[in-house]
Amino acid sequence: MALKRTLGESSSGHKAKKLRTDSHKPAKIEKPQQTTSSLLTTEVDFPRGGGTSFTPLEVKAIRAEAVHEANAELFEDATGKTSKKRKRKAEAESSNKPSEKRDRIRIEHLNYKRITPGMKIFGQIVAILPLALIISLPNQLFAHVPITNISSQFTEYLERAEEEALASESDEEEDETGPMKDPIPELGDLFKLGQYVRAVVSTVHAPGATDVSGIGRSRDDITKASKRVELSLLPERVNSGVQKSDLKAGFTLTAAVRSREDHGYILDLGIPDVSGFLSFKDADPLQQNRDVKLPTGALFDVTITKVSANGRTCTVSRESALFVKSALSEISSVTSILPGTLVQALITSVHPDGLNLQVLGFFDGTIDQLHLGKEPSAYKIGKKVKARILYDYSSSPPKFALALADHVVKLGPRLVGDKTEGVQQLYPVGTALDAVKVLRTEAERGLIVEVAPGVEGFVHISHTSDDHVPSLSNSGPWKPGSIHRGRVTGFFAFDGILQLSLKPSIIEQKFLQVSDVVVGDIVKGTIKKLSDGGLFISLAGGVDGVVWPNHYADIALKHPAKRFKEGASIKCRVLGVDPERKRISLTAKKTLVDSTLPVIAKPEDITIGIVTHAVVFKMYEKNLLVEFYNNMKAIVPSKEISDTPKSQLQEAFPIGRVVRVRILAVDNERITASIRQAASNFDVVRDISSIEIGNTVEGAVSEIHQDNVVLTLQPSHIRALLSLKNLANHRNLNVPQLRTMLQVGEKLDELVVVARNPEKFLVIVANKPKSKAVLPKGSTITLESVIVGQLIGGRVTRHNRQGALIKITSHIGGMLHLTDLSDNFATGVSLPAIDTIIKAVVIGIDSDKRQLTLSTRHSRMYPDQIHDIVDREIGEISDVQVGNSVRGFIKNIAEHGVFVNIGREVDARVQIRELFDEYVKDWQSHFKTHQLVKGRILSVDVANKKAEMAFRTTEPQRKGTSGIALSDLKEGQKVDGIVKKIEDYGLFIQIDGSKLSGLCHKSQLSDNAESDVGGALRGFREGDRVKAVVLGIDNRRISLSLKPSYFSKEELEESDEGVESDPDHPGSTGESDHDAMSQDEESDLEPDPASDGEETENEMEIDVGAEQIEYQPKPPSGSAVSQTISASKGPSLTLASGFQWAAEPQHTDDEDADLSSDDEATTAQPSKKKRKRKEIEHDLTADMHTKTPDSNADFERLLLGSPNSSYLWIQYMSFQLPLSEVDKAREIARRAIRTINFREEQEKLNVWIALLNLENVYGTDESLDTIFKEAARANDSKTIHLRLASIFDQSDKVKAEEQYKRTCKKFGQSSKVWSLFGEFQLRRGSIEEARKLLPRSLQSLEKRKHLKTISRFAQLEYKYGDAERGKTLFEGIIDSHPKRWDMWSVYMDMEATQSNIQSLRNLFDRALAIKMTSHKAKSFFKKWLNLERRIGDEDGAEVVKQKAIEWTQRAASSAS
């Protein structure tokens, strides 16, 4: 009977009180000369060499007496003071007990972090390798047992065998111990799958460890998962701590065979001075066969049946039923409790996630929900249960994890209901599940789901979705009760649950494991590696295959490396599958890959007479051995090989050659084949006299050739030829379609013999006409007898542009248009060949021309069937609408475009400008007659039966665009718009939903004439949304007003709400619609000179297709130019002076589109003359230094005064671009580089960057590369590399990535380079690629730069990626460098961007808990206070002030 607690105290309390009593009364315990065993042997204060020999009843009596005497002595000496002190101490102890209890009853899952060396654990064998066992552990974990950790005797046995093997190899004398009599047993002989074992953790390897004994390189996921934990089954380790006093009948433990004696086996129990004895009868209780020998070192579980009087020998039994039901009810030492032991326990509390128990009356235990077998609510507090120990928590006081699951308690497989099959058999790996129900979620681990009643599964968090899922919640898409599709990817044997994946990519994956691959299938893969031993191919789902050298090609390759490149795609056929060895053999022989003959991969595939392909495996003297798929082989006798002389057979049939063979016989799995009889000219039956012309026959397809099919007639086995054209016409298909659909072995009937060829021993057959007459009954057909919808036959006479002409009779013809050939033009539609007989349906009758309109569309010929019509029938022009996407055939190629036939009588014209998205010079070579094309209908003229069509893709319409034209605007109309540009004389506003822009003069900003309009102008910013009213439209110029008097109060409020609700309106992006404007919509937006005499020409821009370069000169000050231009969002060059060279559209204004290259041309325009008359009133010489240069001469004059100004040089370059003077712009850049003083490095750099931008937009890849190399030599190379990457970033993402990679390779020691590359990857959405850069960068960078780089990547995660990941990186930094206050500050700033004030408060509390100077603390408190006021609340601000005072007081007190 188990010892019970007394006085309601914990086990630790018992121990402490007993020891104190023992010190006072040593005489009471001197009799056994050893200390009574403590329940916690790890905490014995005065060990005296061994356990107690007292019985449990004696121990209980001694303890009660000691407690009584101690209480009496303590109460006699107690005073009031000590009583109070003891009372306070008792209260403190009692107050601490709940927290201790909470710690002990916490239900925890086992994971790799909690597994420690020395932990004893219960597991189940799931795989047996040659040198290791794979063990399934609780909570979906795996471990392995090396072959050297089975037992000491087995290890010695192996070492002895190795020594003898070495001795025999070196011809040395045998060891005096004698030779080994018995062979070394395999692990498969000692253990069986599903066997439960007790083990102890010997090593926990770091993640990713590969050098693990007994495992090696494995492709199996379970084997890979088991590498981290190494277990030991050695009895001396597993049974360590078991006390001799606990060895009683019914006690279970692990034992190993030490030796074999006359009456049984001597066992090693791993307990000092104790051995076990297993009789021959008990060794094999079922068969009682003395001939069955247990090898030395064999390990098994035993149950003690009797203990000798001296306690040194235990008689044991191997009976499994006795082991399963043996339960432990009392124990003297906690170390005697072994994993796998069945114990009595009392339920003390029930929780949603499991149970708390009291084990054997003393120890705490937990059972998580996974190992309960049913819901926790089904258990009642106070109920006694029998549970099995899983493992101990290695804590003090001791705590155990147990299991009540039926399969663990009974030590059997996990069964489903009343079925005899296990879960793994019912749901093998790869099983697709349509309805997986989520039972509960574990936020950081995954999902527990229900597959079927009584069958549960586990979905790891990484397998819930193809996207990254940081955590799970009960309210997300995987909430409890939700239903999902899943797929079985594994099985956790110990827990008895399935491993599932909800990833769509896994569900749709073709292969999950090697056994899923079907022999003979065609597979596509990627070349992984080429070695001397073979070609390794990576298939779908992480499954790999190998192509052996003799299967590289039909012939032997001398240089396979030239053919097979790493990373290239390859098509192979599966040659063999070995699931046990996880190996897939493939063949790349073209003959086998392209073969249409049957595949023989198993005995069931063999049919006498079948012809298939095989590979010559070996040549013998009297026969030839050929190999099929999956290592199946056949013998070809010498007489069936060939007519070639025997001396030449070796050359004619080398090893590895692909041959055709015919199966002749199968006898006791011995296959006999013939190469000679498989030849195409071999006469299966030479006598064809039994077949007469006109006979109706049937046969099976044996071979498919280019123009005909070879049949084997049944039952005569006579060969026959059938024309593919004849069969295609019979099935209403074209020949390519028929060749794709026809299969070898397919049966054909209703064939008529039309000819015989006795010389070649074959007959020619044709399809018998169907019973349904194609032509109407009667000897002749007339135009009057034909009706629409009637099936009719005819012969193709010729082709024309419309289609094919069909001759029905000598007086009636038909026309089959291209568009009436099929319901889907993409399925290889082509006109039927001339002189072929076709069947078609009549869809129109022209009596005047005596011509029928025919169609071979299946929807027309068989209207009662369901058809998938991809290309609808267009009979007339009214059947098409503007915007329709249609397909048709090129009818004619003209000088101005092409004509497309989209219907029988409907043609569409495609003009040259609508052919391609980009300019193509030789466009006619891209088209040919009858070519299938697809386009969009632009316009339809029903009256003239004309349609316009476009091939080029539709330009994406911008958000909010409604297509407002200039004619839609009326005077007084109110419009919404965006400030696009700000000038001294007013605002340019782009009208929403259009490509139009208007000018709001500065006088139209306010109703107050005396207001400061200059200040009002400065209050606007580009991208501001405004509401304006149209004042007038004059000569395509739109005048707008923003005066409040034009709008009601409600309209103004509505406008304000619109601005707030749409901050990301397309207009605010600064993008230009200039390239989308048609020529007739362009307008000069310059204001009238009469309205503002100070107007200047101050902007030019040139459209360069998808790119645009902007020129915004500002008047230089003195000899230097320092005006700053606002930044744009396009790829830009930012100079020291602030000028930007943009590579994307910025504005749509065409104010100066008519500028010429010199001054004189400008005066010829009327608008310039008006301005000239206005400016006569001013002193032009006074404004000479502020005048914007508008000619080459002006620029040359300014450059004389400021030759070192890169700003002026770049403006001069930009001035040439609207004039298409690209070469001159390049020349100016070269002049600038030569002219600028060598000390002005930044100015020169600005010009180089401008030249790079110029070449990127206007030059070629070669010219850009040349300039780049020159710039890198003339300037800081790293700066140039990064600037070019930035330029590419805005124009070509592919080039940008390549440039960043080159830069990282060249400047791997630069933290800035890696950071910018990471930012680029994150901005483009390549999050995983960006995250891979951090570990790569740390390998290249110096250690002093690591912290800065990690911090930068963490900031990028906050900005572009996952804030939680950034937080993790910062936590790592401050954990390793707690006094890097700058890192703390950056971390806080990043957290502030998330507006999570509680997280910030925790950060500040942690930082201020570290010792720091008062100056630094002041800065942190100030930052905290500002953040509380900004994103927190007033209470938080008050708390910060209070904490600041407390910190100051503590600092002052510590200083004093």
Tell me whether D605 is salt-bridged to K602, with the criterion being a basic N under 4.0 Å from an acidic carboxylate O. yes
Identify the residue among T254, V257, L253 that makes a side chain to side chain contact (heavy atoms under 4.5 Å, CB included) with L267. V257
Output for pair (Q124 CD, F142 CZ), nearest 0.5 Å, gives 10.0 Å
Taking D392 for the side chain and P398 for the main chain, is one N or O donor matched with an acceptor at less than 3.5 Å? no
K399 NZ/CZ over Y393 ring centroid, <6.0 Å and within 45° of normal: yes
Can you tell me if E236 and S152 form a side-chain donor-acceptor pair at under 3.5 Å? yes
For N630 and M632, indicate whether the former's side chain and the latter's backbone hold a donor-acceptor pair under 3.5 Å. no
So how far is it from L133 CG to I125 CD1, rounded to the nearest 0.5 Å? 5.0 Å
With a 4.5 Å cut-off on side-chain heavy atoms, are I537 and K528 touching? no
If you look at every heavy atom in V204 and Y112, which pair is closest and at what distance? CG1-O, 4.4 Å
Heavy-atom check, side chain of S259 versus side chain of Y265, under 4.5 Å: no
For a 4.5 angstrom cut-off between non-hydrogen side-chain atoms, does L498 reach V423? yes
Nearest non-hydrogen partners of F494 and S136, listed with the distance: N-OG, 3.2 Å
Is the closest basic N to carboxylate O distance between D273 and K244 below 4.0 Å? no
Within the distance-only criterion (no hydrogens, no angle test), does the side chain of R487 pair as donor or acceptor with the backbone N or O of T431 below 3.5 angstrom? no
Kindly indicate whether the side chain of V385, heavy atoms from C-beta on, has any atom under 4.5 Å from the side chain of L404. yes
Apply the side-chain hydrogen bond (donor to acceptor under 3.5 Å, both in side chains) test between N139 and each candidate in D368, D495, N111; give the one that qualifies. D368
Report yes if some heavy atom in the side chain of F491 is under 4.5 Å from a heavy atom in the side chain of V126; otherwise report no. no
Report the C-alpha separation of I304 and T315 in whole Å, then their side-chain angles, then the decisive distance to 0.1 Å, and conclude whether the side-chain contact (heavy atoms from CB on, under 4.5 Å) test is met. CA-CA 6 Å; I304 296 177; T315 304; over 6 Å; no
Taking all non-hydrogen atoms of both residues, which atom of T587 and which atom of H551 are closest, and how far apart? OG1-ND1, 2.9 Å
How many angstroms lie between atom CD1 of I266 and atom OG1 of T296, to the nearest 0.5 angstrom? 12.0 Å
Can a donor-acceptor pair be found between the side chains of T252 and S326 at a distance below 3.5 Å? no
Give a yes or no on whether the backbone of G241 and the side-chain of Q243 come within a donor-acceptor separation of less than 3.5 Å. yes
Describe, in one word, how the ring planes of Y196 and F122 are oriented to each other, choosing from parallel (under 30°), tilted (30 to 60°) and perpendicular (over 60°). parallel
Are more than 12 heavy atoms, taken from residues, nucleotides or ligands other than E186, located less than 6.0 Å from that residue's CD atom? no
Checking side-chain contact (heavy atoms from CB on, under 4.5 Å) for the pair L110/I121: CA distance, chi angles, key distance, verdict? CA-CA 11 Å; L110 186 66; I121 194 165; 3.5 Å; yes
Using modelled atom types only, decide if a donor and an acceptor are shared between the side chain of T341 and the backbone of V343 within a distance under 3.5 Å. no
Heavy-atom donor-acceptor pair, T489 side chain to Q499 backbone, under 3.5 Å: yes
Using side-chain heavy atoms (C-beta onward) and a distance below 4.5 Å, is I150 in contact with V145? yes
Polar side-chain atom of N149 near backbone of L234 as donor-acceptor pair, under 3.5 Å: no
With the side chain counted from C-beta on, respond yes when L190 and L299 share a heavy-atom pair under 4.5 Å apart, and no when they do not. no
No-hydrogen, no-angle side-chain donor-acceptor test under 3.5 Å, T155 and Q153: no
If you take all heavy atoms of P295 and P185, which pair is closest and at what distance? CB-CG, 3.9 Å
Any cation-pi pair here, K633 with F628, using under 6.0 Å and within 45°? no
Verify, without hydrogens or angle tests, whether R198 (side chain) and P339 (backbone) share a donor-acceptor contact under 3.5 angstrom. yes
As an exercise, state the distance from OG of S275 to CZ of R258, rounded to the nearest 0.5 Å. 6.0 Å
For G311 and V274, the nearest pair of non-hydrogen atoms, with its separation, is O-CG2, 3.8 Å
Sidechain-backbone polar pair: S336 side chain, I331 backbone, donor-acceptor under 3.5 Å: no
Taking it one step at a time, do T303 and V316 satisfy side-chain contact (heavy atoms from CB on, under 4.5 Å)? CA-CA 5 Å; T303 307; V316 300; over 6 Å; no
Should the ring pair F458 and H460 be called parallel, tilted or perpendicular, given that the plane angle runs from 0 to 90° and is split at 30 and 60? perpendicular
When rounded to the nearest 0.5 angstrom, what distance separates NZ in K306 from CG in L247? 15.5 Å
For E162 and E159, indicate whether the former's side chain and the latter's backbone hold a donor-acceptor pair under 3.5 Å. no
Using every non-hydrogen atom in the two residues, find where R114 and E108 come nearest and quote the distance to one decimal. NE-OE1, 3.7 Å
Taking atom types as modelled, find out whether H144 and S226 have a side-chain donor-acceptor pair closer than 3.5 angstrom. no
Decide salt bridge (charged side-chain N to carboxylate O under 4.0 Å, His left out) for K248 and E330; before the verdict, give the C-alpha distance in whole Å, the side-chain angles of both, and the deciding distance to 0.1 Å. CA-CA 11 Å; K248 301 176 182 178; E330 62 179 15; 3.3 Å; yes
Is the closest side-chain heavy-atom distance between L233 and V200 below 4.5 Å? no
Assess whether side-chain hydrogen bond (donor to acceptor under 3.5 Å, both in side chains) is satisfied between S245 and S332, documenting all intermediate values. CA-CA 7 Å; S245 60; S332 63; 3.1 Å; yes
Determine, step by step, whether F400 and F363 satisfy the side-chain contact (heavy atoms from CB on, under 4.5 Å) criterion, reporting the C-alpha distance in whole Å, the side-chain angles of both residues, the deciding distance to 0.1 Å, and the verdict. CA-CA 8 Å; F400 297 94; F363 315 112; 4.1 Å; yes
Mind checking the CD1-CD1 spacing from I134 to I128? Nearest 0.5 Å is all I need. 10.5 Å
